[in-house]
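Structure first, then comments.
Throughout, a chain's letter reflects where its sequence line sits, starting with A, and its residues are numbered from 1.
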Protein chains: 4
Amino acid sequence: MFIKIDINSDVPIYIQIKNEIVGLIAKGELKEGDKLPPVRKLAADLGINLHTVNKAYNILRQEGFISFNKKKGTIVLGRNINKASESEKEKLKGILRTVVSEYYCKNFSREDIKEIVDQLYDELENKILV
Amino acid sequence: MFIKIDINSDVPIYIQIKNEIVGLIAKGELKEGDKLPPVRKLAADLGINLHTVNKAYNILRQEGFISFNKKKGTIVLGRNINKASESEKEKLKGILRTVVSEYYCKNFSREDIKEIVDQLYDELENKILV
Amino acid sequence: MFIKIDINSDVPIYIQIKNEIVGLIAKGELKEGDKLPPVRKLAADLGINLHTVNKAYNILRQEGFISFNKKKGTIVLGRNINKASESEKEKLKGILRTVVSEYYCKNFSREDIKEIVDQLYDELENKILV
Amino acid sequence: MFIKIDINSDVPIYIQIKNEIVGLIAKGELKEGDKLPPVRKLAADLGINLHTVNKAYNILRQEGFISFNKKKGTIVLGRNINKASESEKEKLKGILRTVVSEYYCKNFSREDIKEIVDQLYDELENKILV
DNA sequence: GTGGTCTAGACCACA
DNA sequence: GTGGTCTAGACCACG
């Protein structure tokens, strides 16, 4: 498992870890049933404190991506089926509204943005096909 | 000028102000040459600290949306023409990568996301037509 | 005897086992004199550690639900008659106080809660009638 | 604000704090807009670490009871209107199922339990009337 | 002056 | 050996 963090980023480390792991799940590099490294090991590998990793794992659990299993440690629950709910959609719209407003001002057309979205989906789906 | 902030949000107020003003520029409610309210006035209107508004204005200037002018005060530079640069595109792609990964895991299709982008662009462009 | 445990639950497995067995006694599916499966067998059936089952059985014995008997193994003592003591009542009140406070805040009326209690009693008593 | 914790309880301290504060909101001793003590102050008053209080506050925020406000600190949002949702009802039923099973075995009738629920509601509602 | 983040290090419950 | 809890103490972002 390859997780990269930028210790100097203004994005909190535990958020970076969360995002990286969600990214790995999206790309299919982490699949349902896969084990995540123990908090202590990942913390040691990344050279950070175990509590920081712990916080990331707990958020991932809250969001339904992973589960703690006393016997097996931390396991991936996989992509969540049937979660495209209305409330999630509204949340996403709120996020995109800010992004779209800013990049609309920077002269990006709707096609520019949709092309990037397509590229990102292509990346994800090709990974799975391999 | 109507700016709404949510004092209880976990988004910092100065970021909210920045986003709101960018949103107004995107919608065309603030156009090139328009004056922004003085820092003190906006702070008073919103019931917040003067430094908070100042911080938002400084970011907006750094990003090229506004300009400080001793005679005229703070003025809007408007939508920036020809800024859809390669570096901005990479920055946007980085932002969208995190968003797309997460919502791909939540079972949103590329069409779901592109539809939202379209809706947001429609909102912006209709405002301008008015 | 059907015991279901959820290995991913945050409720410890030994507590789940205890609760399940108490539930079976309540429903009348386990009656006074019935034999519980040997620790090793239940552990094997559930695919868990022997010590975990042992811990559950020990708690059940402490609370007076079962008894260890060298000849007959582990036997159910059944529903305990005349145990609605004042101290148990206070203990129950303490438990319910936390629950009621929380769900009162979540806008549940006393009738809402009492209706659920009735449903649960109906479930238990119908099982016995069968 | 009077919060009592039992440092020797097997209930985690942060859960005790959460429960106590929910209890105060239920009793009406904490109302919408009221300020909660700063984490450091409450921690000092209780003789515990600030992180423990912090954890309790964060859970309360997640559950919608309080909000962090950079200007005013931590404020109570009050009893949550319209939250008697179906999913909450199922969660409550799960909690009560375990309780009811156990106390049914201990010879508590449905009336015994419903009487306690009534007493607890009386306590809460009388507090509000005062 | 508030909560947020991060570190360092301890002991415990569970399986 | 896993994550959970708690402590102690530091610096930072925000307002």
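- Residue A:Lys35 comes nearest to A:Ile75 through the heavy atom pair CG-CG2, 4.2 Å, listed as atom of the first residue, atom of the second, then distance.
- Heavy-atom neighbours of D:Gln62 CD from other residues, nucleotides or ligands within 6.0 Å: above the threshold of 12.
- The nucleotide whose nearest atom lies closest to any side-chain atom of A:Tyr57 is, among F:dG3, F:dC14, E:dG4, F:dG3.
- Residue D:Leu42 contributes atom CG, which lies 16 Å from atom C1' of E:dG1 at whole-angstrom precision.
- Residue A:Lys72 is classed as having no contact, given no heavy-atom separation below 4.0 Å to the nucleic acid.
- Considering only the side chain of D:Ile13, F:dC6 comes nearest among F:dC6, F:dG4, E:dA15.
- Distance from the side chain of D:Pro38 is smallest to E:dG3 among E:dG3, E:dT5, F:dG15.
- In DNA chain F, runs of at least 3 consecutive Watson-Crick or G-U pairs, each pair with both distances below 3.5 Å, span E:1-14 with F:1-14.
- What separates CG of A:Asn8 from C1' of F:dC12 is a distance of 14 Å, to the nearest Å.
- Nucleic acid contact class of A:Ile48 (heavy atoms, under 4.0 Å, all strands): sugar-phosphate only.
- Among the nucleotides E:dT5, F:dC14, F:dT5, the one closest to any side-chain atom of A:Lys55 is E:dT5.
- The side chain of A:Asn49 has E:dT7 as its nearest neighbour among F:dT5, E:dT7, E:dG3.
- Below the 3.5 angstrom threshold, one finds a donor paired with an acceptor across the side chain of A:Arg40 and the base of F:dG3.
- Among the nucleotides F:dC6, E:dT5, F:dG4, the one closest to the side chain of A:Arg61 is F:dG4.
- The shortest distance between the side-chain N/O atoms of B:Thr52 and the OP1/OP2 oxygens of F:dC14 is not below 4.0 Å.
- Regarding contacts with the backbone of F:dT2, every side-chain N or O of A:Asn69 stays at 4.0 angstrom or more from both OP1 and OP2.
- The structure places OH of A:Tyr104 at 12.0 Å from CG of B:Leu120, a figure rounded to the nearest 0.5 Å.
- Put simply, the side chain of A:His51 and the base of F:dG4 share no donor and acceptor less than 3.5 Å apart.
- Contact annotation: D:Tyr14 side-chain N/O to F:dC6 OP1/OP2 distance is not under 4.0 Å.
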